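What follows is a set of notes on a single structure, which appears directly below.
What you see is a predicted model, and the numbers here were worked out from it, not measured in a lab.
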Amino acid sequence: MAIAKVEPLTTARALRGPFDYLLPERLAGVGVGSLLLVPFGRRRVAGVVVEVAESSELPPERLVEPIQALEAGAPPELVRLGLWVAREYCSTPARGLELVLPPGSGRAGSGPGPRLVQLAAATEAGRAALEDGTRLGRRQRGALEALVSDGAPGELSARDLEAAGADLGTLRRLEARGLVSMRTKESSRRPAVVEVGAPSRRPRLSAAQQEALGAVVLAMDGSGERELLLHGVTGSGKTEVYLAATEAALERGRGAMILVPEIALTPQAVSRFVARFGDRVALLHSRLTGGERRDEWQRLRSGEARICVGPRSAAFAPVREPGLVVIDEEHDPSYKQEGDPRYDAREVARRRATEAGAVLLAGSATPRPESWLALRRLELPHRADGRALPPVEVVDMRGTQAPLHSRTMESLAEVREARAKAIVLLNRRGWSPFVSCRSCGRAWSCPHCDVSLVAHKRAGELRCHHCGHAEPVPESCPDCGSVTLARHGAGTERVESLLADAVAPLPVFRLDSDSAAGAGSHLEILRRFDAADAGVLVGTQMVAKGHDFPDVVLSVVLDADATLRFPDFRAEERTFALVAQLAGRSGRGPRGGRVLVQTIAPEAPAIAHASSHDAVGFLAGELERRRALRYPPYSHLVRVEVTSPDAARAEAAAGAIHDALAPGLQDGTELLGPAPRFRLRARHRRQLLVKSSDRGAGVTAVREAVEAVSTARLLRGVALGVDVDPQ
Ligand code: ADP
Ligand code: ZN
Ligand code: ZN
């Protein structure tokens, strides 16, 4: 008797699978990872086989058979990975498994089917017909000649034969005469790759690159540590090391997974992989059509493509026998998934590498403290072009009201005179972040969230950047009737307008999520800046990512300490990364470059170290601080968030979870909270934080507490979220 243990793909949290089904002869091919349609209560649901067993604990008369097998599911190692994610991030098996199924399958129902093409090949009679004077139409002759010509692949589709004037009708007529044979083949829909920059030539690796590559190859061959950190500034040649390591994996008959932060912001990295490896690369990301995604997935699964390049979801790609797992820009927060399951793709990649015996290679100019401590470091200390990093000047903004300091204005004037290029980074959208009444002091805040509304001038609106609420800019104060409103501070929209005055007639380009709303328009803005001979690019952190502009001579960070004011233990790390990333991208061209950092906290370690390009010094101090406060990597955090439209309910539910959690905690585990967090989307929020030295114990304690209270009446109208390793 064969029993399939099946996890149904339903969202119910309370369900305890897997469930046993009897496998009849007709389903003999079913194994771990197969997708089945099964009877479930009175419904029929899709489910994933997580195990095939010899026997069941249920009596035979209670076992039922699956209704049918659906199209191919996931490979067994990915089923294990999906279940691991579900456990590790306190989610459900269904949610974990959905991450590893072929795109378009599962609960959402089946996606687009494969695209079919008709391929034609000349038969013996067809070859003869060209020679022996058989009467052929002009198109028929053209098609046959193309099919037998030197270097032709033997089989061609009607599309390939367009140049010969043939179409599918021509081929069908030739087939009817026995002059060609036809067959149907599944054809892949390949996503278009945006070509940015020159095609990739293979440079001779520098000594430092050689050494890094050597360590990777040694690890791939089974000696040496398997988890490595490639530390080097932008332009130090990290991507060349990834490319060479990928080649080494392919030579060993193994695949490679390359994770990048956001495809839209890293087209250069992607196109270099495609340029070097061609069809052996599959791309997986959310901009693909359903059909493209399915086909790229299948090309990996079948082994036709051995390399996958993609953002966090690519950690689940069905790459066969990966020998190398790269995490490019490993400090980037986009590796953390914000929806359920709240997985961290860097941890998933690490797990994947361990399970597959692959080398994990994380790379960054500004590595996370976690990676600095845990991974073996490989250093690329210099830029590949041999240029020095640009000098950074910290501009003290204490006592200055204007958004742009006079030092900054001078430097911009120089850029204007030299007809050169500059980048200005300000991590805040809109015209001004705060609006108040000049006479009574009334402040405008969001009706649904406890945050102030941001003025957007061109749109004539006040907007909430958390929930999307928007209202027209008021004409007068509803409290006192005054018509004079004060707009405080500056966002990118206002700075754009200041810059336009400062550098006219040079053009100013703005890049933020307001200016680049549509798909692809990021790239369009960056391309326009790239193509201009002079000008200024202003924007949010998007301007510090991915793209390199060799002819930028000035980079400016405004309000560099803004991110430091977040009540978050990662505030220092984030600030350092933002400033250092922008500084590291500057001065890549023959004209060199300079960096200005405007701040009211010039002595803050994150800013001081970023200004001296000193990642090592920053990380040493930051790790010390984390150790003293017992934050990661010296502890593991699990955050439980309780939200409700009703404040009292949120409070009561948070109390109940606290009481369920507190007694079971082991030594070395701290429970903090419940603490209020600001109201968001009309929901009151309370947060509990578990800090533990043993990650597994912390996760288990939280899971058990959440399950224990999840049926309580107390939780009606309350939503619970668990975030392991919150970012
Ligand atoms: P990173 O990924 O660290 O930003 P890249 O690998 O993109 O660095 O290298 C930066 C630039 O230097 C690229 O244009 C690359 O082609 C070039 N480059 C990298 N390594 C070498 C080398 N060994 N010799 C010559 N040019 C190199
Ligand atoms: Zn007023
Ligand atoms: Zn809001």
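Closest approach of A249 to L324, counting heavy atoms only: CB-CB, 4.3 Å. Closest non-hydrogen pair, V241 versus A212, comes out as CG1-CB, 4.3 Å. Of all heavy-atom pairs between A120 and L171, the closest is CB-CD2, 3.8 Å. In terms of heavy atoms, A305 sits closest to V281 at CB-C, 4.3 Å. The minimum heavy-atom distance between R177 and T134, with the atom names listed, is NH2-CG2, 3.5 Å. For P39 against P66, the heavy-atom pair with the smallest separation is CD-CA, 4.2 Å.
A donor-acceptor contact shorter than 3.5 Å links the side chain of T123 to the backbone of G178. In this structure a side-chain-to-backbone donor-acceptor pair under 3.5 Å is present from K336 to R342. Checking side-chain atoms of R95 against main-chain N and O of A86 turns up no donor-acceptor pair under 3.5 Å. The main-chain N or O of P261 is found under 3.5 Å from a side-chain atom of S334 such that the two form a donor-acceptor pair.
Counting heavy atoms from C-beta on, the side chains of Y21 and L36 never come closer than 4.5 Å. A heavy-atom distance below 4.5 Å is not found between the side chains of L23 and I3. Two residues are said to be in side-chain contact when any heavy atoms from C-beta on lie closer than 4.5 Å; S56 and L63 meet this criterion. No side-chain heavy atom of L78 sits under 4.5 Å from any side-chain heavy atom of L99. Side-chain contact between E321 and R306: present, with at least one pair of heavy atoms (C-beta onward) separated by less than 4.5 Å. Two residues are said to be in side-chain contact when any heavy atoms from C-beta on lie closer than 4.5 Å; M257 and R352 meet this criterion. No side-chain heavy atom of R62 sits less than 4.5 Å from a side-chain heavy atom of D20. At least one side-chain heavy atom of E227 sits less than 4.5 Å from a side-chain heavy atom of T354.
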Legend entry - Verdict with reasoning, R293 to L284, per side chain to side chain contact (heavy atoms under 4.5 Å, CB included): CA-CA 6 Å; R293 215 179 320 176; L284 284 176; 3.9 Å; yes
Inset, instruction - Might you work through the side chain to side chain contact (heavy atoms under 4.5 Å, CB included) test for L136 and L130, ending with a clear yes or no? - result: CA-CA 8 Å; L136 291 167; L130 282 174; 4.1 Å; yes
Legend entry - From CA spacing to verdict: side chain to side chain contact (heavy atoms under 4.5 Å, CB included), I307, L250: CA-CA 9 Å; I307 306 161; L250 293 181; 3.9 Å; yes
Inset, instruction - With side chain to side chain contact (heavy atoms under 4.5 Å, CB included) as the test, would you mind laying out the steps for L526 and L537 before giving the verdict? - result: CA-CA 8 Å; L526 291 168; L537 176 70; 4.1 Å; yes
Legend entry - Full working for salt bridge (charged side-chain N to carboxylate O under 4.0 Å, His left out) between E524 and R527: CA-CA 5 Å; E524 192 41 45; R527 269 214 202 98; 3.7 Å; yes
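Summarising the geometry, atom CG belonging to L378 is positioned 12.5 Å from atom NZ belonging to K238; distances are rounded to the nearest 0.5 Å. Here the OG atom belonging to S206 is positioned 9.5 Å from the CD atom belonging to E211, to the nearest 0.5 angstrom. Atom CG of L37 is separated from atom CG of L9 by 10.5 Å, given to the nearest 0.5 angstrom. Summarising the geometry, atom CG belonging to D530 is positioned 10.0 Å from atom CZ belonging to F509; distances are rounded to the nearest 0.5 Å. The line from CE of M542 to OG of S515 is 7.5 Å long, rounded to the nearest 0.5 Å. Interatomic distance, OG1 of T239 versus CD1 of I258, reported as 10.0 Å (0.5 Å rounding).
A salt bridge does not link R346 with E330: every distance from a Lys NZ or Arg NE/NH1/NH2 to an Asp or Glu carboxylate oxygen is 4.0 Å or more. Salt bridge E88/R351: absent, no basic N to carboxylate O contact under 4.0 Å. Between E296 and R299 there is a salt bridge, with a side-chain nitrogen of the basic residue lying less than 4.0 Å from a carboxylate oxygen of the acidic one. A salt bridge between R276 and E240 is present, with a side-chain N of the basic residue lying under 4.0 Å from a carboxylate O of the acidic one. Salt bridge E175/R172: present, at least one basic N to carboxylate O contact under 4.0 Å.
Counted within 6.0 Å of CD on E25, heavy atoms from surrounding residues, nucleotides or ligands total 12 or fewer; the atom is thus considered open. For R44, the CZ atom counts as loosely surrounded, since its 6.0 Å shell holds 12 or fewer non-hydrogen atoms of other residues, nucleotides or ligands. More than 12 heavy atoms of other residues, nucleotides or ligands sit less than 6.0 Å from atom CD of E338.
Results of the ring-ring contact (aromatic ring centres under 6.0 Å, His included) test with Y343 over F316, W84, Y335 single out F316 as the only residue that passes. Evaluated for a salt bridge (Lys or Arg N to Asp or Glu O under 4.0 Å) with E247, the options R252, R254, R202 yield exactly one hit, R202.
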